[in-house]
Protein chains: 2
Amino acid sequence: MEEKEISQAVIGRLPRYLRYLGELKDEGVERISSQELSRIMNVTASQIRQDFNHFGGFGQQGYGYNVEYLYTEIGKILGIDQTHKLIIVGVGHLGQALANYMNFERRGFLVRGLFDQNPEITGTMVRGIPVRPMEELESFIGENDIDIGVLTIPKEGAIPVSKRLVDCGIKAIWNFAHVDLEVPDGVQVENVHLSDSLMKLSYNITRFEKEQR
Amino acid sequence: MEEKEISQAVIGRLPRYLRYLGELKDEGVERISSQELSRIMNVTASQIRQDFNHFGGFGQQGYGYNVEYLYTEIGKILGIDQTHKLIIVGVGHLGQALANYMNFERRGFLVRGLFDQNPEITGTMVRGIPVRPMEELESFIGENDIDIGVLTIPKEGAIPVSKRLVDCGIKAIWNFAHVDLEVPDGVQVENVHLSDSLMKLSYNITRFEKEQR
DNA sequence: TTTTTTTTGACATATATTTAACAAAGGGAT
DNA sequence: ATCCCTTTGTTAAATATATGTCAAAAAAAA
C-alpha cells in the first residue's frame, strides 16, 4: 500500500488528524468530508486529501471518509496498533511526570523500567515501578525487549547514556536532554527541546509587539 | 534592521544556533565561519549564511562571524534579552517539573506564580513559590504583570482556562494540554504535544523496520 | 605593499510543500 | 433508471524552503 517516501511534514500532521478523528469517533460521527474536516481543523481541504492519499485511497467519492476506518488506518501508519516498551532514564521531576502520564499507556507505550543514578532515588517506587540503578541498564534492556529509551537527564550525561542505549540495540530515543545525540542510522531520535520551544514563543511575543509599533 | 517577515522555518532553527554559539563562547572561541559551523551542526553552510543574513550582516568577509556578537544578536532576536514573567497553571508532575527547571530562569523566564484547582495542593510550596487557588488567577495576573501562561492541565480544562488568561490580557500561552486553543490574534500560542512527538517516533520505528524488509 | 586565500552576501537554481482546479466516481433524490 | 449533486484522487500551479555558485570584500601571507 504505502510505497513512496512520505515527508516528515505529512507525518507531523498525522497525530493531529488522529486526535480529531478520535474525537469525531467518540461523538458517533460515521463519515466526514475533507471539506468539513478542513473547517474543523483549520487547514485546507486540499491538504487533507493530499495527505490521506499518500497512504492509499481511504475515501470514497461522493461520500467522504469513514471516520472509524480512517482513524484505524492512521493509527496503523503511526505504528500505535502495536505496543512499544520503554524505559525512562532519569527519574527527576520530568521523568516522573512522564512515568505518571497514563495516556501514553492507552496508546500502547508501556513504561517497563525506570533508571536513575542517584542512590537516594533508586529503590523507590514510581507508580508501582521500581527505580533501578544505572548499572542494571544493559541487562534490563536485554531481558525485557525494550524498544524506546526516554532520556530525561541533564545534558551532561545524555550522550554517554545514549551510547549505552544504542549498544544495547535500542530502536529509538525520545530525547529531552538539551543536546543533539549522535546515533547510527536506524536508531530513531525524537527531540523535545523545551527551552527551544519557549524561545520560539518569546520570539513571537517580541515580533508581535514590534509589529504593533 | 529586520524588516521583512521571517519564516517560522528560520525561527525554529535559531534556538539551535544559539545553543551551539553559547557552547563555542564558553570554549573561548572568538570567531567562526559558516563552513566550520556547518560541519559542527550538520547543516549546509549556505543555509547558515542565508539564515543569519535575514537579520542583517552579522558576518565579515574573509573573517567569519564573531561568536559573542552573533550570540547576543540571536538572543535579541529571540527576545531573551528581556525577562518574561510566567505563571504555571496546573501543578501536577509536569507543572512541578517545569517550575523546578532552573534553566528557564537563566534565560530570563521567571516563574512568578503557580495555580491549581486541587485544594490539597493549593497552599503548598514548590521551590519556594506558593500554589494558589484558581480563583486568584485574574487578580494575580493583573497585579504581577505576567506575560506567559503555561498550561499543564488536562485537556478538559484547557480551553476555559485559556479564555480566562486571554481575558486578563496575557501575551502568550505555552500549551502542554492536548487540545488546540483558540485565541485572538496577537496572543501567541506554542504547543508542546508530547504524545504527538511520541507518535512520530513510533512512525519512524515502524518505517525503518519496513524498509529493512 | 601586493598577492593570495578565505569567506561572506546575494543571486540563481533546485527541491519540497501547499494550494487550486477539475475530471471522474459514486451517492442520493426523483 | 436516470439525473444531479457531492466529493474524492490527481494533476497542475503557486509558494516556500534549501542548496549551489560566484563576485566582491576583507583578512592573512608574501
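Here is how names work: the chains are called A, B, and so on, in the same order as the sequence lines, proteins then strands, and each is numbered from 1.
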Problem set entry | Below 4.0 Å: OP1/OP2 of dA24(D) and any side-chain N or O of Gln61(B) | no

For this session: Give a yes or no on whether a salt bridge exists between Asp147(B) and Lys171(B), defined as a side-chain N under 4.0 angstrom from a carboxylate O.
Result: yes

Exercise. Is the distance from OP1 or OP2 of dT17(C) to the nearest side-chain N or O of Ser7(A) less than 4.0 Å?
Worked result: yes

Exercise. Looking at Glu5(B) and Arg207(A), does any basic side-chain N land under 4.0 Å from a carboxylate oxygen?
Worked result: yes

Exercise. Rounded to the nearest Å, what distance is computed from the NE2 atom of residue His54(A) to the P atom of nucleotide dT10(D)?
Worked result: 11 Å

Exercise. For Ser46(A), which contact category applies under a 4.0 Å heavy-atom criterion: base, sugar-phosphate, or nothing?
Worked result: base

For this session: Check whether any side-chain N or O of Gln60(A) sits under 4.0 Å from OP1 or OP2 of dG27(C), and answer yes or no.
Result: yes

For this session: Give me the ring orientation class for Trp174(B) and Phe176(B): parallel if the planes are under 30° apart, tilted from 30 to 60°, perpendicular past 60°.
Result: perpendicular

For this session: Indicate the atoms forming the closest heavy-atom contact of Cys168(B) with Glu138(B), along with that distance.
Result: SG-CG, 3.5 Å

For this session: Mark yes when over 12 heavy atoms from residues, nucleotides or ligands other than Glu182(A) sit less than 6.0 Å from its CD; otherwise mark no.
Result: no

Exercise. What parts of residues 8-30 of chain A reach DNA chain D, counting only heavy atoms under 4.0 Å away?
Worked result: none

Problem set entry | Side-chain N or O of Asn53(B) closer than 4.0 Å to phosphate OP1/OP2 of dT8(C) | no

Problem set entry | Side-chain N,O (Tyr63(A)) to OP1/OP2 (dG9(D)) below 4.0 Å | no

For this session: Take the protein atom CD of Gln35(A) and the nucleotide atom C1' of dC5(D), then report the distance between them rounded to whole Å.
Result: 13 Å

Problem set entry | Plane angle bin for Tyr101(A) and Phe104(A) - parallel if under 30°, tilted between 30 and 60°, otherwise perpendicular | perpendicular

Exercise. Distance-only, no hydrogens or angles: does the Thr152(B) side chain make a donor-acceptor pair with backbone N or O of Val89(B) under 3.5 Å?
Worked result: yes

For this session: Provide, to the nearest angstrom, the distance between the CZ atom belonging to Arg39(B) and the P atom belonging to dT6(C).
Result: 15 Å

Problem set entry | Toward the 5' end of DNA chain D, by each residue's nearest nucleotide, Gly62(A) or Phe52(A) | Gly62(A)

Exercise. Can you tell me how far P of dA14(D) sits from CD of Gln47(A), to the nearest Å?
Worked result: 19 Å

Exercise. Roughly how many Å is it from CD1 in Ile48(B) to P in dA18(D), rounded to a whole number?
Worked result: 13 Å

Problem set entry | Nearest-Å distance for atom pair CD1/P, residues Ile32(B) and dT7(C) | 10 Å

Exercise. Can a side chain N or O of Arg31(A) be found less than 4.0 Å away from OP1 or OP2 on dG28(C)?
Worked result: yes

For this session: For Asp51(B) and dT8(C), give me the distance from atom CG to atom P, rounded to whole Å.
Result: 13 Å

Exercise. At under 4.0 Å, does any side-chain N or O of Tyr65(B) touch on OP1 or OP2 of dA26(D)?
Worked result: no

For this session: Verify, without hydrogens or angle tests, whether His84(A) (side chain) and Gly79(A) (backbone) share a donor-acceptor contact under 3.5 angstrom.
Result: yes

Exercise. OP1 or OP2 of dT7(D) less than 4.0 angstrom from a side-chain nitrogen or oxygen of Ser34(A), does that happen here?
Worked result: no

Exercise. Atom CZ of Arg49(B) and atom C1' of dG20(D): how far apart are they, to the nearest Å?
Worked result: 10 Å

For this session: Using both distances under 3.5 Å as the test, list the Watson-Crick or G-U wobble partner of dC4(D), or none.
Result: dG27(C)

For this session: Taking only the side-chain heavy atoms of Gln50(B) (C-beta and beyond), determine which of dA25(D), dT8(D), dC11(C) contains the nearest atom.
Result: dC11(C)

